[in-house]
Amino acid sequence: MYYYDKKYPYLHYPFLDNDGTAWFMYSIPVTELIKIYKSYLQKIPKSFFDCGAAVGELVYQADMLGLEATGIDIKKYPIETYKLGLKYIKYFETGKIQIKSILDYQQPITADIAYCNGTLTYLTEKTLPLALAKFKHVGMLIAIHNTIEDVIAARQMDDELLHHEPRLIKSNQWWLNTFKKNGFNACFNDKYNTFCVIPKHTKTR
């Protein structure tokens, strides 16, 4: 993915899907997510929730930085076959990472930083508000995912982002409007190519 190399140059790591297919996960490291959080809220985060944790890399990073780190993913990847997988297994074994969708997650999400890497685009316009309601009590939701602008920019680089199932691919402005309609203040951070979403009751700088 040439486009992802440009858009998210900070962190990519390999992992295997359940059918044995090798993929790269493109993401933003927790150290940078902390910088984003501090720039908007002027305080140090103490907890981290990864919505779409995959093999657990970011939960591991947050844990190593001293944050209370938890996460969920809709399926468990075969991390035992991943060359660095052993350091992640404990998070699944202890329940720090649970295998379930955000729509099925019952515990209140109260983490200072909640992170969604692509997760929101797997929802529909009908179920998206239900998912966003789960984040009403976080400090900040930081979300990265493909938008219409990304699809167009990638095609200009001869890269195609839409290979599989239909996704919720909308414009940046649509996402900003949707966050607002569902009780959040939101902006798009051009430096990190991420949506920064804060519950309206939260005080910012």
Side-chain angles (χ1 to χ4, degrees), residues 1-37 39-40 50-62 71 73-75 77-79 81-85 88 101-102 113-125 127-128 131-132 135 140-180 184 186-198:
M1 286 290 188
Y2 306 118
Y3 181 70
Y4 287 155
D5 285 329
K6 179 181 178 182
K7 187 179 181 184
Y8 301 117
Y10 323 99
L11 172 68
H12 5 118
Y13 58 90
F15 69 99
L16 294 177
D17 211 333
N18 291 321
D19 62 0
T21 305
W23 297 98
F24 271 91
M25 178 69 77
Y26 290 80
S27 189
I28 300 175
V30 175
T31 51
E32 299 303 308
L33 297 175
I34 290 173
K35 289 179 183 178
I36 295 171
Y37 175 90
S39 71
Y40 287 92
D50 191 353
C51 183
V55 297
E57 169 66 31
L58 266 68
V59 172
Y60 168 78
Q61 288 185 15
D73 200 279
I74 199 167
K75 63 181 178 180
Y77 293 89
I79 56 176
T81 62
Y82 175 42
K83 65 180 180 179
L84 299 177
Y88 305 123
S101 76
I102 185 61
I113 298 174
Y115 179 61
C116 286
N117 185 348
T119 308
L120 300 181
T121 64
Y122 286 97
L123 301 167
T124 65
E125 291 190 51
T127 58
L128 179 59
L132 292 179
F135 298 101
M140 173 184 281
L141 168 63
I142 301 175
I144 65 174
H145 52 252
N146 291 333
T147 63
I148 291 173
E149 289 87 346
D150 292 314
V151 173
I152 294 171
R155 284 175 179 167
Q156 291 173 346
M157 300 173 62
D158 294 322
D159 197 355
E160 179 60 58
L161 300 183
L162 304 180
H163 293 288
H164 303 294
E165 70 286 324
R167 301 278 290 276
L168 191 59
I169 305 298
K170 300 290 186 177
S171 69
N172 277 18
Q173 191 59 54
W174 184 92
W175 282 101
L176 293 174
N177 292 342
T178 299
F179 290 131
K180 183 178 180 180
F184 298 88
C187 67
F188 188 78
N189 187 305
D190 292 311
K191 178 180 178 180
Y192 291 99
N193 290 298
T194 181
F195 292 96
C196 298
V197 184
I198 301 173

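Model, not experiment: these values are computed from the prediction. Numbers here simply count residues along the sequence, with the first being 1.
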With sequence neighbours excluded, what pairs up with [X] under the side chain to side chain contact (heavy atoms under 4.5 Å, CB included) test?
| X | result |
| --- | --- |
| S101 | I74, L103, D104 |
| I34 | V30, K38, P45, L65, L67, I113 |
| K35 | E32, Y192 |

So, for [X] and [Y], which heavy atoms are closest and what is the spacing to 0.1 Å?
| X | Y | result |
| --- | --- | --- |
| G52 | T119 | CA-OG1, 3.8 Å |
| Y40 | C196 | CE1-SG, 3.7 Å |
| I148 | S171 | CD1-N, 3.6 Å |
| A53 | D73 | N-OD2, 3.2 Å |

Test your reading of the model: is there a side-chain donor-acceptor pair from D159 to the backbone of A154, 3.5 Å cut-off? no

T121 side chain vs H145 backbone, donor-acceptor pair below 3.5 Å: no

State the [atom1]-[atom2] distance between [X] and [Y], to the nearest 0.5 angstrom.
| X | Y | atom1 | atom2 | value |
| --- | --- | --- | --- | --- |
| L120 | I102 | CG | CD1 | 9.0 Å |
| M140 | L33 | CE | CG | 10.0 Å |
| F179 | L128 | CZ | CG | 7.0 Å |
| Y3 | Q156 | OH | CD | 9.5 Å |

Residues in side chain to side chain donor-acceptor pair (under 3.5 Å) with [X], at least two apart?
| X | answer |
| --- | --- |
| T124 | T127 |
| E125 | K170 |
| T194 | none |
| T147 | E149, D150, N172 |

Going by ring-ring contact (aromatic ring centres under 6.0 Å, His included), name the residues that satisfy it together with [X], two or more places apart in sequence or in a different chain.
| X | value |
| --- | --- |
| Y8 | none |
| Y37 | none |
| F188 | F195 |

State which residues pass salt bridge (charged side-chain N to carboxylate O under 4.0 Å, His left out) with K75; sequence neighbours excluded, sorted by chain then number. D17

Assess, by modelled atom type and distance only, whether the side chains of N117 and Y26 contain a donor and an acceptor separated by less than 3.5 Å. no

Can you find a side-chain donor-acceptor pair between Y4 and N146 that sits under 3.5 Å? yes

If we only count heavy atoms from C-beta on, is the I144 to K7 side-chain gap below 4.5 Å? no

